[in-house]
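First the structure, in the form of structure tokens, and then the observations on it.
Indexing begins at 1, ligand by ligand and atom by atom, following the structure's order. Computed from a predicted model, the values in this text were never measured in an experiment.
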Amino acid sequence: MASPLQSSLLCFIGGGNMAAAIIGGLVSKGIDKHHVTVSEPWDVNRDKIAATGVRTTTSNVEASQNADLVLLAVKPQVAKTVCQELAGAWAQRDSLPLVVSIAAGITLDSLRDWSKLADGRTPHIVRVMPNTPALVGEGASGLFAGGDVSDAEKELVTALLASVSKATEWVDKEELIDVVTGLSGSGPAYFFAIVEHLISSATSLGMPQEQATRLAKQTCFGAGKMLVESSDEPAQLRKNVTSPNGTTDAALKSFDAANFKGIVDGAVKAATNRGEELGRTLGK
Ligand SMILES: NC(=O)C1=CN([C@@H]2O[C@H](COP(=O)(O)OP(=O)(O)OC[C@H]3O[C@@H](n4cnc5c(N)ncnc54)[C@H](OP(=O)(O)O)[C@@H]3O)[C@@H](O)[C@H]2O)C=CC1
Ligand SMILES: O=C(O)[C@@H]1CCC=N1
């Protein structure tokens, strides 16, 4: 566990899929469970989080009261209400917690506006786009900080995300967080969709589903491991599988004929644009 995290009190607002992935990753890395409080209204999700051993509550105000870092893990549509509720409760605090938002699309401008206290103070805010493989310590996260965020605060957020992510990339323009969303935030779902299709293809060609599932999962796991462990670029790894005029060549030509590159481009752009649209339509 990286050092700035050991002494910090962490609060998660929302204990759904993404919060559960990060918390599960933190717990398996040995974080002090007494340092983590999660506020979650739905008992089913709250019980799942409580089973990891961290503290849970239904009150956002109570959860955030003494926190050094408050991570907003609610849906983008709920971010405004939550920020306003928290800002209203922090009037008596001498120092405000660092706020980390993982809400897709919601801009720093909106978050600052909604989190402004009646006395004019605004918490420092970092936007992060993580992904669910954080649960197994294999996350990929993009981060962007406003100009008021200190190096020590960046170090704390980096330590938090690095403890559950293998790639922790600070981007230098806020718009790039939407691109991170289209690439790695949503990316695990693209990958799972491909695996689903691989399994159904093999099943339709006569293979029992369970056997096809085992082969598809291990193929993707093995290929993923090669991607991160090999010094070869992805294109070279692809070429290494592709014998001239062989079976892979036939499959890749079928991809090309269906405009595979265009399909992937379209998907990443759709997710990126949807992030921008969420920010624009839900923002201030
Ligand atoms: N899932 C993913 O892969 C990723 C998600 N994100 C971002 O993370 C955020 C959460 O997504 P995800 O975890 O998938 O969503 P979930 O719906 O699984 O989790 C959100 C949780 O917040 C709870 N909630 C609703 N209202 C409040 C409130 N007022 N105060 C506290 N908690 C509340 C919800 O409870 P209830 O169900 O009762 O409404 C729910 O359990 C989103 O903004 C998303 O953009 C970012 C990267 C990846
Ligand atoms: O689908 C979504 O909107 C969220 C953001 C990235 C992954 N899941």
Pairs of donor and acceptor atoms involving the side chains of residues 211-221, under 3.5 Å and at least two apart or interchain, shall be tabulated with distances.
residue, atom, partner, partner atom, Å
Thr213, OG1, Gln209, O, 2.7
Thr219, OG1, Leu215, O, 2.6

Can you work out which protein residues put a heavy atom within less than 4.0 Å of ligand 1? Ile13, Gly14, Gly16, Asn17, Met18, Glu40, Pro41, Trp42, Asn45, Asn60, Ala73, Val74, Lys75, Pro76, Val78, Val82, Ile102, Ala103, Ala104, Met129, Pro130, Thr132
With side chains defined as the heavy atoms from C-beta onward, is the minimum distance between Leu156 and Leu5 less than 4.5 Å? yes
Is the shortest heavy-atom distance from the side chain of Val99 to the side chain of Leu111 under 4.5 Å? no
Flag the pair Asp109 and Arg112 as a salt bridge only when some basic side-chain nitrogen lies within less than 4.0 angstrom of an acidic carboxylate oxygen. yes
Do the side-chain N and O atoms of Trp170 and Thr158 include a donor-acceptor pair separated by under 3.5 angstrom? yes
Any idea which residues sit under 4.0 Å from ligand 2, heavy-atom distances? Ala104, Thr181, Gly185, Ser186
Leu71 vs Leu10 side-chain heavy atoms within contact, under 4.5 Å: no
The side chain to side chain donor-acceptor pair (under 3.5 Å) partners of Trp114 (sequence neighbours excluded) come to none
Counting C-beta onward and ignoring hydrogens, is there a side-chain heavy-atom pair between Leu96 and Leu117 closer than 4.5 Å? yes
Does a side-chain heavy-atom distance below 4.5 Å link Thr58 with Arg46? yes
